[in-house]
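Sequence lines set the chain letters: A, B, ... in the order given, protein chains first and strands last, and positions in each chain run from 1. Just so you know, these numbers come straight off a predicted model, no measurement behind them.
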Amino acid sequence: MASLPLQFPIPSEASLQSKIPTSSLTLSRIPSRVSLNSSSSPTKTSQNQRGLIENVHLVSLSKQGMLTEALEFLNEMDTAGVFVNTRSYECILDMCGKMKSVSNGRIIHERIKRTVENPSGFLWNSLFRMYCDCCCFDDAKKLFNKMLSRDPDSWRILLSAYTQNALFDEALRLFSEMHMLGSKYHSVVYSTLLRATSDPQYMELGKQIHSHLIRNLSNSDMFIDSTLFHMYLKCGCLYSSKLLFDRMTEKNVVNWTELMVAYTQENKQKEALALFGTMLEEGVQLDEFVFSIALKACSTRNDFDTGRQIHGHIIKCGLESNVSTGTPIVDLYVKCGCLEDALLAFQRIVDPNDVSWSAIMSGYSQYGKFEECLCTFKNLRSSGMDLNSFIYTSIFHVCSAIADPNLGTQVHADAIKSGLVSDLYGESALISMYSRSGKLDYAHRAFNSIHQPDTVAWTAIISSYAYHGRASEALELFKRMQKYGARPNAVTFIGVFTACSHSGLVREAQDYMNSMSSMYGVDPIIDHYNGMVDIYSRAGQLEEALKLIQSMPFEPDVMSWKSLLGGCWIHKNVELGKMSAENLLQLDPDDTAGYILLFNLYASSGKWEEAANIRKVMAERDLKKEVGCSWLVDRGKVHRFIVGDRHHPQTEEIYTKLEQLNLSTMGNEDKPSYDEHALYSLPAKREEQLLEHSERLAIAFGLISSHAKTPVLIFKNLRACVDCHEFAKCVSKITGREIVIRDSNRFHHFKSGMCSCNDYW
DNA sequence: GTAGGGTTAG
């Protein structure tokens with residue numbers, strides 16, 4: 001039979017889709033049917049060609065998501081009596097599902113019922129899939145129950161819809177139904193279903209399905225292998241996963257990455273990196289995901305050298321500027337203490353995202369680059385970039401370090417507005433921020449707002465009270481924490497020891513030290529022993545402190561000796577102090593604080609020659625003590641003072657006030673001692689300088705600038721000086737004002753001539 | 001028309 005010549009060549013469907021300007025196309029502009037030679041009788045070919053262009057056009061409209069136009073065109077085709085083929089229906093239903101337009105899908109469903117006799121299994125499945133894609137599971141199930149010829153695809157479509165929408169119980173019920181009916185299923189059904197069991201709560205079921213597939217499936221494939229491997233990993237069965245992984249005939253980079261992630265989550269960074277090494281040996285194609293997890297393993301274990309090698313590898317692969325690899329490189333350098341390298345790596349990222357910014361901001365906040373951190377934050381905010389809760393946590397850290405409660409409160413409000421303070425990280429950072437800014441009540445409020453505080457949150461509030469010298473409340477919170485089922489960790493015990501230390505609770509601290517490991521399962525580390533040394537030393541039990549240093553299961557470090565030296569200074573034990581200082585300076589010959597403590601010890605014991613010698617050694621080594629600086633925040637502005645400072649615009653008023661205060665407190669204070677401020681001064685000059693110490697200037701300014709009922713809140717970078725501590729006590733008595741000073745160690749709350757530390761610090 | 005991965009904080 002000769003084929004009939006067409007009047008024009010029929011283009012391929014694909015080329016038509018790109019050529020036809022679909023939106024304005026109507027039946028009047030394209031032939032409603034391909035013209036055939038009228039004298040010829042219809043043949044099979046001619047039947048197939050009838051309405052072909054219209055159907056192609058309908059498919060084209062559907063694929064472009066122009067559902068309204070497609071429906072209109074469908075009506076025009078009806079009017080013109082053009083046959084709508086199954087393929088067109090499938091396409092339009094597919095788009096209805098993708099666009100979740102169940103109303104249009106229902107119109108098509110009705111049309112099919114009216115116009116299509118005996119719809120094929122394919123068409124039924126298309127309809128069915130449309131309802132599934134639109135999440136209309138009731139309609140889908142109704143249709144499913146009506147379907148006479150459910151094929152394996154029908155089951156799979158519904159099963160897949162259930163798993164994709166996390167309706168795992170329904171998925172498992174359906175599978176059970178399939179099983180009861182003895183339906184045939186192949187690997188696709190298993191891999192779809194296993195998705196539902198990749199959760200610890202379904203692990204047993206997952207195992208059953210695994211054994212089911214072993215019995216019913218003759219050949220496994222990479223989907224099954226991969227899904228089973230994934231399922232066991234997600235259920236926490238690393239060992240089983242590894243067995244499956246080793247047996248997999250075909251492994252790809254995703255499988256390797258998953259296993260590495262599992263190792264890092266179990267704190268097995270070394271194993272993760274070993275896997276990475278094997279990947280390199282086996283020549284697996286690497287991508288940004290696997291690099292990022294390898295870098296994370298390095299940063300977590302502070303493995304700078306391996307991290308640097310991986311960085312080199314990334315450069316070779318040309319992925320250095322990629323945000324997914326560039327960001328963990330930044331984090332690696334931040335964690336390894338190389339802020340400069342981190343900045344360089346950051347600058348190389350072509351399009352840094354919020355994660356990249358939070359990584360670099362965390363670096364800024366950790367390395368004291370507070371101004372840079374705040375400035376970056378302001379710029380990001382005004383640029384409209386998406387911020388995340390990590391960024392806010394870093395900013396809370398900065399606010400707490402610079403002790404600016406106003407800024408902290410503003411950022412807090414901002415974070416609430418952005419909805420980014422809702423997780424425990426942010427909340428715990430908030431507790432610390434408020435407490436370190438002198439607002440213990442706000443800190444407690446932040447703690448109370450946490451629905452279920454975890455160990456870190458409890459630790460933050462315990463440490464806050466400890467830091468403010470409120471030992472009994474801190475220890476009470478420690479008890480409550482256990483009642484609520486939160487398990488203390490090593491950091492919690494640091495808070496507990498801080499509380500005991502600031503209040504001289506030697507017995508209690510001993511009890512905690514002895515029960516840490518047995519009762520709480522926390523093995524003491526050197527920081528805990530040093531805490532105990534500090535507690536003995538402050539309490540004057542210097543021999544006990546020394547005994548502990550000598551008997552503890554760690555080599556004493558700088559902190560161990562410094563704590564003992566501090567105690568020797570307080571309790572004027574020159575011999576032991578000298579020995580502690582020698583040990584301390586042997587470990588770190590440049591420890592300025594160690595020299596200053598020893599100098600003060602000599603000076604306060606009248607050993608001027610030895611004191612002068614310390615000063616000489618320091619000068620020879622070019623060691624200068626950090627300049628004492630006190631500051632306070634008034635109406636959002638930070639006012640800083642150093643000793644004898646005359647730069648403040650209100651200097652006149654400040655000094656007048658200070659003179660007045662010095663006169664009224666004179667005689668009320670204890671006899672002046674010697675402290676770090678006095679190191680390079682002669683005794684007479686020293687006393688003169690004492691009257692202009694930074695704390696006193698800050699107190700004077702605080703009194704004249706703030707409201708009479710509000711406490712004067714002052715921050716100092718060094719430890720509070722004994723004389724100024726006395727001064728603050730007197731001022732609080734004479735003026736009736738409450739004064740709060742945060743020094744480098746803790747908070748002092750002065751009220752009516754008393755300090756919350758009871759002169760014990 | 002099935003499965004699956006990463007990086008930032010207290």
Side-chain angles (χ1 to χ4, degrees), chain A residues 90 94 97-98 122 125-126 129 132-133 152-153 156-157 159-161 163-164 185-196 198 221-231 233-234 251-262 264 272 287-297 299-300 322-332 334-335 342 346 349 352-363 365-366 387-397 400 420-421 423-433 446 450 453-461 463 491:
Chain A
E90 280 169 11
D94 185 51
K98 282 193 178 118
F122 279 124
N125 282 342
S126 288
R129 191 181 303 116
C132 288
D133 288 346
D153 253 1
R156 188 195 41 73
I157 291 165
L159 194 67
S160 173
T163 54
Q164 276 167 13
Y185 27 73
H186 46 87
S187 74
V188 175
V189 167
Y190 284 112
S191 41
T192 307
L193 187 66
L194 284 167
R195 187 183 194 199
S198 297
D221 60 31
M222 67 165 294
F223 280 105
I224 292 285
D225 287 349
S226 192
T227 320
L228 275 171
F229 160 72
H230 175 76
M231 181 198 82
L233 264 189
K234 289 288 164 199
K251 296 183 193 104
N252 59 29
V253 65
V254 178
N255 308 130
W256 287 90
T257 311
E258 273 200 281
L259 192 55
M260 283 175 67
V261 169
T264 56
D287 64 10
E288 65 266 39
F289 293 97
V290 76
F291 276 127
S292 65
I293 191 69
L295 285 165
K296 188 189 176 173
S299 354
T300 310
N322 181 310
V323 67
S324 296
T325 36
T327 304
I329 295 173
V330 171
D331 181 53
L332 168 83
V334 165
K335 295 246 169 64
F346 182 83
I349 301 175
N353 61 15
D354 61 314
V355 181
S356 328
W357 284 107
S358 43
I360 199 67
M361 285 174 73
S362 152
S365 82
Q366 281 173 44
L387 302 179
N388 61 35
S389 57
F390 291 71
I391 290 175
Y392 279 100
T393 308
S394 286
I395 294 296
F396 291 147
H397 182 74
S400 117
L420 289 171
V421 73
D423 63 19
L424 279 168
Y425 276 92
E427 285 163 335
S428 301
L430 260 182
I431 296 171
S432 305
M433 187 269 285
I450 302 177
D454 66 353
T455 299
V456 181
W458 280 103
T459 303
I461 192 68
S463 306
V491 188

Check: Can you name the side-chain contact (heavy atoms from CB on, under 4.5 Å) partners of A:Asp94, sequence neighbours left out?
Finding: A:Lys98
Next item on the list: Provide, to the nearest angstrom, the distance between the CD1 atom belonging to A:Ile360 and the C1' atom belonging to B:dA9.
Entry: 15 Å
Next item on the list: Drop me the distance from A:Leu193's CG to A:Leu159's CG, to the nearest 0.5 angstrom.
Entry: 5.5 Å
Next item on the list: Examine the base of B:dA3 for any acceptor or donor lying under 3.5 Å from a partner atom in the side chain of A:Ser226, and report the outcome as yes or no.
Entry: yes
Margin query: From C-beta outward on A:Ser292, which listed nucleotide comes closest to its side chain: B:dT2, B:dG10, B:dT7?
Written below: B:dT7
Checklist line | Polar contact flag, side-chain donor to acceptor under 3.5 angstrom, A:Asn388-A:Asp354 | finding: yes
Check: Within the pair A:Arg195 and B:dG4, is there a side-chain N or O less than 4.0 Å away from OP1 or OP2?
Finding: yes
Item checked: Residue A:Val355, side-chain atoms from C-beta onward, closest of B:dT8, B:dT2, B:dG6 -> B:dT8
Notebook entry, point to check: B:dG6 phosphate, OP1 or OP2: any side-chain N/O from A:Lys296 under 4.0 angstrom?
Noted result: no
Next item on the list: Compare the minimum distances between each of B:dA9, B:dT2, B:dG5 and the side chain of A:Phe390, then state the nucleotide with the smallest one.
Entry: B:dA9
Next item on the list: Please list, chain by chain and in numerical order, all residues satisfying side-chain contact (heavy atoms from CB on, under 4.5 Å) with A:Lys251, sequence neighbours excluded.
Entry: A:Phe245, A:Met248, A:Asn255, A:Trp256
Check: Between A:Met361 (CE) and B:dT8 (P), how many Å, whole number?
Finding: 16 Å
